[in-house]
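What follows is one structure encoded as structure tokens, with my remarks underneath.
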Amino acid sequence: MRKYGFLFWLTAFLCVLMPLRAADNMFTVVIDAGHGGKDPGAKGALGNEKAINLAVALKLGALINANHKDVNVIYTRKTDVFVGLMERAEIANKHKADLFISIHTNSLPNKRKNKTIRGSETYTLGLANSEENLEVAIRENAVILEEDDYKQRYDGFDPNSAESYIIFEFLQNSNMEQSVVLASDIQKAFRASNRVNRGVNQAGFLVLKLTSMPGVLVELGFISNKEEEQYMRTSTGQNQLARSIYTAFKNYKDKYGANSRTMTASKAKYNSSSASYANVEGQIVYKVQIMASDKQLPENAPSFKGYKVDWYKDGELYKYTYGESTDRKSIQDIQRQVAKDFKGAFIIRMVDGKRLN
């Protein structure tokens, strides 16, 4: 009896352990239906962008759930509710997602009279290289104006000011390569389904900047084009659009799998391994300086991209550092990693809280 009792408990333990191990290997994708609630998005002759985005997002998630039991699908919204840009990014970061897909519908501004423009395009994070791309980013980022405390939450970012987008000029995103691969596959799939291919572009989307994993923003089509709006409002059109994005997702997962979370894991390791040597008087400590500002930023400022930073004041400037070590080789390893997110990051020496020349 004792033998069978042991086998019973061993079997029970394995039944619990196996799902836990399977969960460790789950691939997590966050599907973000742009706009919602009090924010309708772009307006067409028949309806609003928010409804199209949600319909395609839910159909995409259903396709993934039906074909990939090892994928955890998270939605930023599943109903017609308002969700702020930072909250959308926080959902992805909290779940340590492997991939972020934001779904939107394009529109021409009123000053542009050509309503025949159509087609699908996919964006990755970067500096807009054309006025048209900047217009798209301004329109999508303007949702933060619906948030009462947007100036504090987004570190003074003004979505309607072209000057605010200069921050994207120096942005080197560590997930860029994988994001471009996904974006390219999405456009290939759109082209295969006879959509007009408007290509892969870059622009300064806050929702992509605030996430810490590969991600893209998809513009399904132009709601300002009556024929295209009608297509995107039908079940047939929505199914085709969702299927195209799903095809690219499947290719991406087959190629990268769990490896896509490498950068996030590395960042977490460095965040937790930063030991303090400041209490040892006269000890030289190496740190990585990542940026400077003429004002003191909150510790959760989007500019820090999820890194836990320290700061020191030099004249009128606040200078921000990440990591510290008495070993130069260790700090060089950290500097190489941080440089993927902060292009100009460099090593400094400090003694008793003061920087050495």
Side-chain angles (χ1 to χ4, degrees), residues 26-37 39 41-42 48-106 120-125 140 143 175 178-179 181-187 189-190 193 200 205-221 232 235 237-258 260-261 264:
M26 291 286 281
F27 184 102
T28 298
V29 57
V30 170
I31 302 176
D32 173 44
H35 307 280
D39 171 31
N48 298 321
E49 172 187 358
K50 64 178 183 178
I52 296 172
N53 299 344
L54 181 59
V56 174
L58 294 176
K59 289 177 183 296
L60 171 61
L63 282 170
I64 295 174
N65 280 326
N67 294 282
H68 299 273
K69 301 306 180 186
D70 60 339
V71 174
N72 183 26
V73 176
I74 305 292
Y75 300 93
T76 57
R77 68 180 182 98
K78 297 177 72 174
T79 58
D80 183 19
V81 295
F82 177 79
V83 183
L85 289 189
M86 186 171 287
E87 186 179 350
R88 294 169 188 265
E90 287 173 349
I91 290 171
N93 294 334
K94 179 182 69 175
H95 286 91
K96 298 181 180 178
D98 298 283
L99 193 58
F100 182 82
I101 302 174
S102 189
I103 297 175
H104 290 257
T105 303
N106 220 333
S120 305
E121 57 191 332
T122 305
Y123 284 85
T124 61
L125 184 62
E140 301 299 1
V143 63
N175 300 310
Q178 289 170 224
S179 299
V181 168
L182 175 62
S184 299
D185 280 349
I186 289 174
Q187 288 306 121
F190 279 146
S193 63
V200 175
F205 296 102
L206 282 178
V207 73
L208 296 182
K209 180 179 182 292
L210 297 172
T211 52
S212 59
M213 70 287 304
V216 296
L217 187 146
V218 182
E219 294 284 1
L220 300 171
M232 292 187 293
S235 295
Q238 293 166 2
N239 286 332
Q240 288 177 344
L241 292 165
R243 172 66 64 176
S244 294
I245 302 173
Y246 167 75
T247 299
F249 165 81
K250 181 179 182 301
N251 292 340
Y252 180 93
K253 181 178 175 295
D254 290 343
K255 183 173 184 178
Y256 292 107
S260 62
R261 63 169 66 100
T264 304

| message | For a 4.5 angstrom cut-off between non-hydrogen side-chain atoms, does L85 reach F205? | response | no

| task | Find out whether Q187 and F190 are in side-chain contact, i.e. whether some heavy atom of one side chain is under 4.5 Å from a heavy atom of the other. | result | yes

Spatial distance of atom [atom1] ([X]) from atom [atom2] ([Y]) [nearest 0.5 Å]:
X    : Y    : atom1 : atom2 : value
D98  : Q178 : CG    : CD    : 9.5 Å
I103 : I245 : CD1   : CD1   : 4.5 Å
M232 : Q240 : CE    : CD    : 13.0 Å
K250 : K255 : NZ    : NZ    : 14.0 Å

| remark: For I31 and A57 the tightest heavy-atom approach is CG2-CB, 3.7 Å

| At their closest point, which heavy atom of T211 faces which heavy atom of A92, and how far apart are they? | CG2-CB, 4.2 Å

| task | May I have all residue pairs that pass side-chain hydrogen bond (donor to acceptor under 3.5 Å, both in side chains) and include part of residues 50-67, sequence neighbours excluded? | result | E49-N53, K50-D80, N53-T105, K59-N239

| message | Listing request: all salt bridge (charged side-chain N to carboxylate O under 4.0 Å, His left out) pairs with a residue in residues 82-94, at least two apart in sequence or in separate chains. | response | D32-R88

| said: As a quick check of understanding, evaluate side chain to side chain contact (heavy atoms under 4.5 Å, CB included) for V30 and T76, giving each step before the final call. | reply: CA-CA 7 Å; V30 170; T76 57; 3.8 Å; yes

Suppose we screen for side chain to side chain contact (heavy atoms under 4.5 Å, CB included). Which residues come up paired with [X], at least two apart in sequence or across chains?
X    : answer
V71  : F27, V29, I64, H68, V73, F249, K253
T124 : M176, S179, V180, A183, Q202, V216
E219 : H104, N106, E121, Y123, V136, R139, E140, L217

| query | What's the verdict on side chain to side chain contact (heavy atoms under 4.5 Å, CB included) for L182 and T122, showing C-alpha distance, side-chain angles and the deciding distance? | reply | CA-CA 9 Å; L182 175 62; T122 305; over 6 Å; no

| Taking it one step at a time, do L99 and Y256 satisfy side chain to side chain contact (heavy atoms under 4.5 Å, CB included)? | CA-CA 10 Å; L99 193 58; Y256 292 107; over 6 Å; no

| request: Could you note down all residue pairs passing ring-ring contact (aromatic ring centres under 6.0 Å, His included) where residues 70-90 supplies at least one of them, sequence neighbours left out? | output: none

| request: Report the C-alpha separation of T28 and K96 in whole Å, then their side-chain angles, then the decisive distance to 0.1 Å, and conclude whether the side chain to side chain contact (heavy atoms under 4.5 Å, CB included) test is met. | output: CA-CA 8 Å; T28 298; K96 298 181 180 178; over 6 Å; no

| Between S120 and L220, is there a donor-acceptor pair closer than 3.5 Å when you use the side chain of the first and the backbone of the second? | yes

